[in-house]
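Numbers restart at 1 for each chain; the letters A, B, ... are given by sequence-line order, proteins then strands.
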There are 2 protein chains.
Amino acid sequence: MPNKTHTDNRDDAGRLAAGTGSAPLYKQLAADLQHKLESGQFGANAPLPAERDLALTYQVSRDTVRKAIRLLEEQGVLYSDHGRGTFAAPESVRQMSRFLDSFTEDTINRGGTPGQNILLMEAVPANMAIASVLHVETSTPLLRIKRVRLMNGAPVGLQDSYLKLPAGAVLQRGELERRGSLYRILIEDLGIKPSESLESVGAVAAQPDEAGLLGVAPGTPLLICERVMLSDRREPVEYCEMRYVPSYRYKTRISKWSLD
Amino acid sequence: MPNKTHTDNRDDAGRLAAGTGSAPLYKQLAADLQHKLESGQFGANAPLPAERDLALTYQVSRDTVRKAIRLLEEQGVLYSDHGRGTFAAPESVRQMSRFLDSFTEDTINRGGTPGQNILLMEAVPANMAIASVLHVETSTPLLRIKRVRLMNGAPVGLQDSYLKLPAGAVLQRGELERRGSLYRILIEDLGIKPSESLESVGAVAAQPDEAGLLGVAPGTPLLICERVMLSDRREPVEYCEMRYVPSYRYKTRISKWSLD
DNA sequence: TAGTGGTCTAGACCACCCC
DNA sequence: GGGTGGTCTAGACCACTAG
């Protein structure tokens, strides 16, 4: 296959772009297939062409086709059954993201407008519990950020976040107000790449102060989500407690059954 | 590589078993690596041998090594960084299952003894909402199972499940009481293979009847989890509402960050 | 039996990280 | 520069499903 350095995905014959400048072939193929699936070319549970046919069509190896299919399978866009074929996933599955979203992205995905009201943003010493989960000594200074999160202007949640910042890193309140998403700043400005998060979800009653901030009656059931976020080096970087009003739902897709 | 039909994983030289009767090489390799990791041969974030070295050691192709590594990566057992190496995941990540567990398995994983108290088990006509999610006509008969779930004898949750059974399938109350796990029966007896579930999690206040069954005060915040379970053909099979007491936590690991 | 996805190989080159 | 993981290929054979 000739090397090209297109920014476009396709050459004149409709083949995928190769070469050092472009995305991996299997990602291009996945994007192409996803586009076809989302444009409604395949109904729910409709079969896709066989892997060998796709390889011929796109002029790539079958292994590359399989990588693209596995990628889309992880995203819930399609699924493969041994001996039967590969099929378009039903709409209900396709909409559910299994991945980690920031509040900002999640809200946009739900069709809402995200907002925030920063209640507090200051350096605090780590208490024993938080020091333990973030792998630091007690009293190590952490950046605490307490925010009311808004959807379409209405309060939906309280976020209380403790951040272990790299030495010398600075995060200004104005910057957070301007950008909205804390994670975007971590990624783009501070070089912190989140890789995984460990979450624990439960229910609690709203305390009077929390109730006031969220505009609900004290004692109202709240969804509480505690999260430890890990960097790409698997260093714990953030501990966060989120309390959401009852109308807010936490949605997820779980795949693969642990029973064999 | 010679074909063998061992039930054992290794031959005399310590190589993995090949041949038609044995598990895929990459799964054997993954099991072997996982065992080494769990036995503490590698500390948190300790580097594993390079892929090429593992391939030599185990006498398999590098691609097979990569498949094994990807499998363990999905399970949170290890992680790979481009250009740096492959590393043992920290203990906190390793413990979190990202997969679908039944209440029975989940409770066992937490070190508890699961139990149940079947409140109701009968055929009921589907109402509009449930008919919609299960893709059946209104009034189609469904099997409704309402249970109090127990951990170490104490009530921790209410499960209200609506099942679309295959024509002619029968599920006896005594069978469920004896086996404990509904999903085991679905898989082993009815040929229903769960593949994915879509979940929505939130918080609600306990109603008087629910409070009585769970042994909490009315108005106590409960964690509510609604679930639609899909078969391997992506047919919705079960709609289930679960309400858990505040002490019960729903834990999960989320990987891959949606921002690139 | 024909067609599908699943596993496996051997080798090549690219991209990234760190010394 | 030397080592690491990431991508890609061409071909072979196995395992499963369905008509």
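Atom CG in Leu56(A) sits roughly 14 Å away from atom C1' in dG11(D) (whole-Å rounding). Nucleotide dG3(D) holds its C1' atom 15 Å from the CG atom of Asp81(B), rounded to whole Å. As rounded to whole Å, 5 Å separates atom P of dG5(D) from atom CD of Glu51(B). Put simply, OH on Tyr79(A) is 14 Å from P on dT17(D), counting in whole angstrom units. The interatomic distance linking Leu54(B) (CG) with dT4(D) (P) rounds to 11 Å, in whole Å.
Residue Arg84(B) has its side chain nearest to dC18(C) when only dC18(C), dA10(D), dT7(C) are considered. When distances are taken from the side chain of Arg52(A) to each of dT9(C), dA18(D), dG6(C), the shortest belongs to dG6(C). The Arg233(B) side chain lies nearest to dA18(D) when the options are dA18(D), dG5(D), dC8(D). Nearest nucleotide to the Arg62(B) side chain, out of dT9(D), dG5(C), dC13(C): dC13(C). Set against dT7(D), dT9(D), dT4(D), the side chain of Arg66(B) has dT7(D) as its closest nucleotide. With dT7(D), dC8(C), dG5(C) as the candidates, the nucleotide lying closest to the side chain of Ala50(A) is dG5(C). Candidate nucleotides dC16(C), dA18(D), dG5(C) were compared by shortest atom distance to the side chain of His82(A), and dG5(C) ranks first.
Residue Thr64(B) places no side-chain N or O under 4.0 Å from the OP1 or OP2 atom of dT7(C). Contact annotation: Thr86(B) does not reach the phosphate of dT4(D) (side-chain N/O to OP1 or OP2, under 4.0 Å).
Summary of the strand contacts: Asp63(A) and Pro49(A) both lie near DNA chain C, and taking for each the nucleotide with the nearest heavy atom, the more 5' one is attributed to Pro49(A). Toward the 5′ end of DNA chain D lies the nearest nucleotide of Leu48(B), the other residue of the pair Ser61(A) and Leu48(B) mapping further downstream.
Closest of all the heavy-atom pairs between Leu54(A) and Pro49(A) is CD1-O, 3.7 Å. Val201(B) and Cys225(B) get closest at one heavy-atom pair: CG2-SG, 4.2 Å. Minimum interatomic distance between Gln75(A) and Arg253(A) (heavy atoms only, all atoms of both residues): C-NH2, 3.0 Å.
Just one of Arg184(B), Arg178(B), Arg179(B) meets the salt bridge (charged side-chain N to carboxylate O under 4.0 Å, His left out) condition when paired with Asp189(B); it is Arg179(B).
Taking the ring axis of Tyr79(A) as reference, the NZ or CZ atom of Arg234(B) stays within 45° of it and closer than 6.0 Å to the ring centre.
A 3.5 Å limit on both hydrogen-bonding distances identifies no Watson-Crick or G-U partner for dG19(D).
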